Amino acid sequence: MTKNGSNARKAKIRDSAARSGKTYRQAARDIDDRAEIKAAIRAAMHSPEALAEERESYLAKMLTAELPETVKVCLYALSGRLGTATHTDTRGVKCSKIELAAETGLDVEATCLSLYLAEAHGWVTAFHDDEARLTVPGEDISMYQGLLDRWERVVAAPDVYGPLQEAVATQTEAELSEREESKRRLMGGR
């Protein structure tokens with residue numbers, strides 16, 4: 001470490017200066033200004049009141065879900081860390097799986113399996129660099145559906161999309177016919 005930071009920080013400043021055509025000192029000032037802006041945004045978004053409200057809302061939904069107790073315990077513990085991730089998202093959490101195991105009293109492998117199960121059910125995103133985001137299954141469906149519905153040019157290549165659309169329709173019809181046939185056989189077999 002040097003007086004003004006690590007060699008990695010200096011390399012980042014040099015790269016920024018080279019890309020922007022600014023001096024080293026100007027690039028360093030810009031990087032520091034951006035860090036201050038990010039910190040201000042984080043502070044505004046991560047007020048204790050906002051985080052408490054976010055946690056309460058998340059727990060109200062998660063605790064009533066059909067999940068194994070170990071999954072609920074892990075998610076409950078993680079909800080106490082809302083806002084700790086490096087992103088400005090209030091649902092972001094930073095916690096290693098080993099830390100979470102120690103905090104919950106679970107075995108490390110059981111903690112990992114519980115988190116995988118929570119991810120499979122849609123209650124947490126995958127962990128990357130000990131960070132994840134707590135989610136509620138299906139919470140973004142209407143937003144993305146609305147965006148897709150308003151998108152002006154959905155099909156970019158009709159010659160590619162058309163045959164796939166027909167294949168999906170044909171396969172769907174075959175699946176529905178097969179189900180109906182199975183129902184008839186079951187009902188007739190009684």
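Here the structure is a predicted model, which is why all the values come from computation and not from measurement.
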Visitor: What side-chain donor-acceptor pairs closer than 3.5 Å can you find for residues 63-72, not counting sequence neighbours?
Guide:
residue: T64; atom: OG1; partner: A60; partner atom: O; Å: 3.3
residue: T64; atom: OG1; partner: K61; partner atom: O; Å: 3.1
residue: T70; atom: OG1; partner: S114; partner atom: OG; Å: 2.9
residue: K72; atom: NZ; partner: L63; partner atom: O; Å: 2.9
residue: K72; atom: NZ; partner: A65; partner atom: O; Å: 3.1

Visitor: List the atom pairs, donor and acceptor, that lie under 3.5 Å between side-chain atoms in residues 153-161 and the rest of the protein, sequence neighbours left out.
Guide:
residue: R153; atom: NH2; partner: A156; partner atom: O; Å: 3.2

Visitor: Would you list the pairs meeting salt bridge (charged side-chain N to carboxylate O under 4.0 Å, His left out) in which at least one residue belongs to residues 13-25, sequence neighbours left out?
Guide: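 Output for this query lists K22-D30.
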
Visitor: Tell me, please, which residues at least two apart from E109 pass side chain to side chain donor-acceptor pair (under 3.5 Å).
Guide: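 Partners of E109 under the side chain to side chain donor-acceptor pair (under 3.5 Å) test: none.
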
Visitor: By side chain to side chain donor-acceptor pair (under 3.5 Å), which residues pair with Q26, not counting sequence neighbours?
Guide: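 If we apply the side chain to side chain donor-acceptor pair (under 3.5 Å) test to Q26, skipping adjacent residues, the hits are T23.
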
Visitor: Suppose we screen for side-chain contact (heavy atoms from CB on, under 4.5 Å). Which residues come up paired with A174, at least two apart in sequence or across chains?
Guide: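 In terms of side-chain contact (heavy atoms from CB on, under 4.5 Å), with neighbours along the sequence ignored, A174 is linked to no residue.
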
Visitor: Quick one: side chain to side chain donor-acceptor pair (under 3.5 Å) partners of E103, sequence neighbours excluded?
Guide: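 Listed in chain order: R81.
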
Visitor: Which Ile, Leu, Val, Met, Phe, Trp or Tyr residues join I141 in one cluster when any pair of side-chain heavy atoms under 4.5 Å counts as a link?
Guide: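 The other cluster members (ILVMFWY side chains, heavy atoms under 4.5 Å, direct or chained): none.
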
Visitor: Could you give all pairs that pass the salt bridge (charged side-chain N to carboxylate O under 4.0 Å, His left out) test and reach residues 133-151, with sequence neighbours left out?
Guide: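 Those involving residues 133-151 are D89-R133, R91-E139, R133-E139.
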
Visitor: Apart from V168 itself, which Ile, Leu, Val, Met, Phe, Trp or Tyr residues share its cluster (side-chain heavy atoms under 4.5 Å, direct or through members)?
Guide: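 Direct or chained contacts put V168 with none.
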
Visitor: Apply side-chain contact (heavy atoms from CB on, under 4.5 Å) to K94 and list each qualifying residue two or more places apart in sequence or on a separate chain.
Guide: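 With neighbours one apart ignored, the set is T84, E131.
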
Visitor: Applying side chain to side chain donor-acceptor pair (under 3.5 Å), name anything that partners S177, two or more places apart in sequence or on another chain.
Guide: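 S177 satisfies side chain to side chain donor-acceptor pair (under 3.5 Å) with no residue once adjacent residues are dropped.
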
